[in-house]
There are 4 protein chains.
Amino acid sequence: MKSTSMKQRIIDSAAFLFNTKGYDGTTVREIAKRTNCNVANISYYFGNKEGLLEYLVSSYLEGYLAIIERAYIELDSRSSRECLLLAIRGIMNYQKENRHLTRFVLREITLDTTLIREIMTTYLTKEKYYFQAIFETGIKQQEFSHIPIPYAIMQLKGMLSMPYLHPQYMSEVLHIMPYEMYVTEQYSREIEKWVNYTICVHTQKAIDTFTPIPVNI
Amino acid sequence: MKSTSMKQRIIDSAAFLFNTKGYDGTTVREIAKRTNCNVANISYYFGNKEGLLEYLVSSYLEGYLAIIERAYIELDSRSSRECLLLAIRGIMNYQKENRHLTRFVLREITLDTTLIREIMTTYLTKEKYYFQAIFETGIKQQEFSHIPIPYAIMQLKGMLSMPYLHPQYMSEVLHIMPYEMYVTEQYSREIEKWVNYTICVHTQKAIDTFTPIPVNI
Amino acid sequence: MKSTSMKQRIIDSAAFLFNTKGYDGTTVREIAKRTNCNVANISYYFGNKEGLLEYLVSSYLEGYLAIIERAYIELDSRSSRECLLLAIRGIMNYQKENRHLTRFVLREITLDTTLIREIMTTYLTKEKYYFQAIFETGIKQQEFSHIPIPYAIMQLKGMLSMPYLHPQYMSEVLHIMPYEMYVTEQYSREIEKWVNYTICVHTQKAIDTFTPIPVNI
Amino acid sequence: MKSTSMKQRIIDSAAFLFNTKGYDGTTVREIAKRTNCNVANISYYFGNKEGLLEYLVSSYLEGYLAIIERAYIELDSRSSRECLLLAIRGIMNYQKENRHLTRFVLREITLDTTLIREIMTTYLTKEKYYFQAIFETGIKQQEFSHIPIPYAIMQLKGMLSMPYLHPQYMSEVLHIMPYEMYVTEQYSREIEKWVNYTICVHTQKAIDTFTPIPVNI
DNA sequence: AATGAATGAGGATTCATTCAT
DNA sequence: GATGAATGAATCCTCATTCAT
């Protein structure tokens with residue numbers, strides 16, 4: 001009895017290899033070899049190599065989007081700042097749990113292909129909608145200062161993706177192991193400082209009332 | 001008379017194509033076609049495809065490092081904050097002027113190859129040294145708060161690289177054209193806010209005396 | 001139904017083409033075309049072109065060596081002269097039956113490559129051992145005169161290989177068809193004369209008692 | 001001042017490389033590099049690569065043929081046996097003095113190309129004519145036994161070419177250095193034994209009167 | 001006489017994919 | 001479901017050759 005299905009085993013191999021060597025740099029034969037199965041199975045389960053790519057990217061982004069959506073929904077019952085922090089914590093967690101896919105998707109998304117453009121439309125437009133809503137609400141409720149929202153999103157996304165786009169830089173230059181618990185923890189806190197000190201309005205009162213939020217939501 | 005040398009023309013084509021389709025996704029034939037020359041010239045000038053890659057990445061990172069080095073040297077005559085801002089402005093400029101290469105190098109650097117690992121050692125270790133020196137000086141001189149330096153570097157690098165790692169996201173989702181003058185300008189200012197409000201110490205005096213720095217040094 | 005396996009068909013084509021045009025002068029495309037199959041199959045079955053070469057040469061020399069070994073073993077039960085004649089007959093036969101490979105291997109062996117040097121060590125050292133043993137035994141038993149063995153081996157190998165190293169010379173200059181039965185027969189007899197008159201001791205008795213040996217052993 | 005002309009330097013490089021790696025296995029760039037000159041010079045002096053081949057082979061065979069012709073001419077004033085021995089000694093000498101070319105030409109001549117076929121007609125037909133004349137005269141004058149001439153030529157050519165077709169075999173298996181003076185000497189003597197004992201008639205008188213011939217003619 | 005840049009054809013190899021089993 | 005054999009297209013690279021200088 002094989003513990004995991006062949007489909008899942010292919011997914012895992014592909015995630016690892018795409019991550020390490022890139023999509024174009026990985027051959028289906030390598031994936032098959034790592035999966036310890038025949039090449040033809042990849043076509044069998046995913047149609048072709050591109051289908052495998054699409055599957056990986058889509059399922060990853062679906063989960064990713066769900067995180068942000070959840071934070072967005074909380075806007076009804078929590079402050080914008082809390083929602084933003086929820087999103088940040090959630091994303092950091094999700095990325096840590098899917099580190100191979102995270103790096104791979106973040107890299108692949110920088111390419112200019114039809115597939116990527118479609119994904120932009122499907123997922124990232126929604127992501128932007130949620131982030132924008134959170135920021136707009138914060139500004140309206142005078143919790144956030146009058147930041148230009150797109151630039152804030154850029155900064156946020158830049159900071160969030162950094163550890164996964166440069167894992168080797170982190171380990172070999174900064175000597176930080178990006179997958180260790182306390183690293184994620186601390187890096188999250190640093191980003192939160194950016195939220196508190198750069199995004200939020202700087203009344204002393206605001207700073208005094210910064211409340212911690214639970215890690216898992 | 002050809003206005004530019006064939007070597008330079010190959011470089012330009014390669015930068016554009018590597019940028020758009022990735023290194024592995026680009027064929028030497030495409031490069032030759034775009035350069036309007038014979039495939040063999042690529043081997044002639046760069047040995048092989050990988051030689052071309054190395055040339056592009058190395059020359060890009062050399063220029064990149066020079067920017068940061070210049071800011072580092074200014075530590076003798078300027079405040080840490082000013083030096084950090086100089087570095088940020090310089091990098092933003094350099095990236096804007098080499099936008100194809102910037103995106104490409106930033107993406108390629110995420111792969112796990114021998115070449116990349118060598119580059120880490122050669123260039124990015126130095127980059128880290130300069131950044132660290134600037135931050136350490138700032139902390140010692142009580143200009144910066146007691147930030148954990150590696151995490152600050154991560155945030156900074158994340159923010160700086162973001163527009164070039166997601167140009168399509170910017171244009172098609174955020175509707176920001178990343179290469180327009182005012183965009184770079186404004187994004188730089190937003191990152192500066194992070195420096196001023198999150199990195200620097202929060203005495204009211206410090207905030208009052210934030211001085212603008214000239215764009216070009 | 002294909003009568004012979006693709007692997008065998010590739011071997012046959014390669015033997016013919018390597019023979020006619022040399023290893024370096026033959027392209028894998030030609031081999032594939034002659035085999036009426038796709039180029040990729042050559043890599044599929046033999047790894048690469050060099051793997052095909054190695055396969056051909058090794059399997060040929062294995063069979064070749066077996067012939068001589070058999071003659072060597074007969075030293076226990078026959079005279080040295082008989083063993084030598086057995087070897088000569090056996091080699092002539094083997095060469096005739098593998099004429100393409102024979103010519104090709106004999107030519108390729110004159111090159112100075114790593115592969116060839118390895119083959120020397122593996123096969124030809126053994127060949128020399130067998131020949132030497134036969135000659136030494138003959139000399140000790142006073143059947144052969146005191147010939148310098150290496151030179152005898154040289155002469156013998158020179159004569160044995162000649163028809164296959166110059167097939168065109170034979171057909172177009174000497175007008176001898178080297179693959180016809182009686183040609184091999186007669187050439188073998190001529191070489192035997194060299195054994196009888198130049199190698200063996202010249203007592204009249206010896207000459208009188210020269211006994212023919214059966215062609216097949 | 002360069003001591004040798006570029007043309008000659010190209011010839012020397014080509015002879016060495018063709019010898020070691022074969023004609024098809026050698027590139028004009030390698031020849032140029034070894035000659036320390038530009039690739040274009042090869043085309044300049046010899047038209048193209050094949051022209052260089054033709055030049056080498058032709059000039060070698062011209063010299064080779066001259067040797068045998070000289071022996072043939074001596075038929076007027078000497079015995080057939082002496083002439084044959086003269087030819088053998090002359091060829092051995094010529095081959096030793098042109099060892100690179102010898103090996104290369106002997107190997108290249110085994111290929112089945114137009115060029116080779118033309119050379120057969122031009123040179124080797126003449127060679128055969130001379131050998132045949134010597135043997136026929138010897139038989140007519142009852143100096144040689146009734147050998148079948150083509151087979152005798154084959155044996156002779158086989159023995160003569162052997163050391164140059166297997167130089168590595170000689171050095172690495174037999175541990176004979178084929179270019180040392182005494183080796184050539186002794187090998188020549190061994191071939192002469194074949195002439196004396198296998199080719200010549202076996203009257204005791206004949207054997208008693210075997211006269212040595214001077215090495216250089 | 002000699003060169004360096006440039007070319008186009010062709011080299012071996014590897015790729016994703018398919019198909020009969 | 002799963003496989004090994006087989007395919008054709010495409011890969012990068014190297015070849016001999018030429019041309020202006």
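Within every chain, numbering begins at 1; the chains are lettered A, B, ... in the order of the sequence lines, protein sequences first and strands thereafter.
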Between B/E50 and A/N36, who's closer to the 5' end of DNA chain F by nearest nucleotide?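 Going by which nucleotide is closer to the 5' end, it is A/N36.
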Nucleotide nearest [X] when distance is taken to its side chain, options [options]:
{"X": "B/A40", "options": "F/dG1, E/dT7, E/dT17", "result": "E/dT7"}
{"X": "C/C37", "options": "F/dC12, F/dT17, F/dT7", "result": "F/dT7"}
{"X": "D/M6", "options": "F/dC12, E/dT3, E/dT17", "result": "E/dT3"}

Base, sugar-phosphate, or nothing for [X], non-hydrogen atoms under 4.0 angstrom?
{"X": "B/T35", "value": "nothing"}
{"X": "C/F46", "value": "nothing"}
{"X": "A/T27", "value": "sugar-phosphate"}

Tell me: [atom1] of [X] to [atom2] of [N], nearest whole Å?
{"X": "B/N41", "N": "F/dC13", "atom1": "CG", "atom2": "C1'", "answer": "13 Å"}
{"X": "D/K49", "N": "F/dT18", "atom1": "NZ", "atom2": "C1'", "answer": "17 Å"}
{"X": "C/K21", "N": "E/dG10", "atom1": "NZ", "atom2": "P", "answer": "13 Å"}
{"X": "C/I31", "N": "E/dG10", "atom1": "CD1", "atom2": "P", "answer": "18 Å"}
{"X": "B/N38", "N": "E/dG8", "atom1": "CG", "atom2": "C1'", "answer": "6 Å"}
{"X": "C/E30", "N": "E/dG10", "atom1": "CD", "atom2": "P", "answer": "12 Å"}
{"X": "C/D24", "N": "F/dA16", "atom1": "CG", "atom2": "C1'", "answer": "15 Å"}
{"X": "C/L53", "N": "E/dT13", "atom1": "CG", "atom2": "P", "answer": "11 Å"}

Which one is paired to E/dA20, where only Watson-Crick or G-U wobble pairs with both distances under 3.5 angstrom count? F/dT3
Which one is paired to E/dT14, where only Watson-Crick or G-U wobble pairs with both distances under 3.5 angstrom count?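 F/dA9 - that is the nucleotide pairing with E/dT14, both distances being under 3.5 Å.
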How about C/E50: does its CD atom have over 12 heavy atoms from other parts shown lying under 6.0 Å from it?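 Open.
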Test item: side-chain donor near acceptor, D/T35 and D/R9, under 3.5 Å: no
Specify the residue among D/Y45 and C/T26 whose closest nucleotide of DNA chain E lies further upstream toward the 5′ end. D/Y45
Under 4.0 Å between a Lys/Arg side-chain N and an Asp/Glu carboxylate O for D/R117 and D/D112?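 Here D/R117 pairs with D/D112 in a salt bridge, since their nearest N and O are under 4.0 Å apart.
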Is the NZ or CZ atom of D/R99 positioned over D/Y164's six-membered ring, under 6.0 angstrom from the centre and within 45° of the axis? no
Measuring to OP1 and OP2 of E/dA5, would you say a side-chain N or O of B/Y44 lies under 4.0 angstrom away? yes
Answer yes or no: does a side-chain N or O of A/N48 lie under 4.0 Å from OP1 or OP2 of E/dA16?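 Result: no.
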Would you sort out whether B/Y23 and B/K49 count as a side-chain contact (heavy atoms from CB on, under 4.5 Å), showing the intermediate values? CA-CA 9 Å; B/Y23 172 73; B/K49 194 187 172 187; 3.6 Å; yes
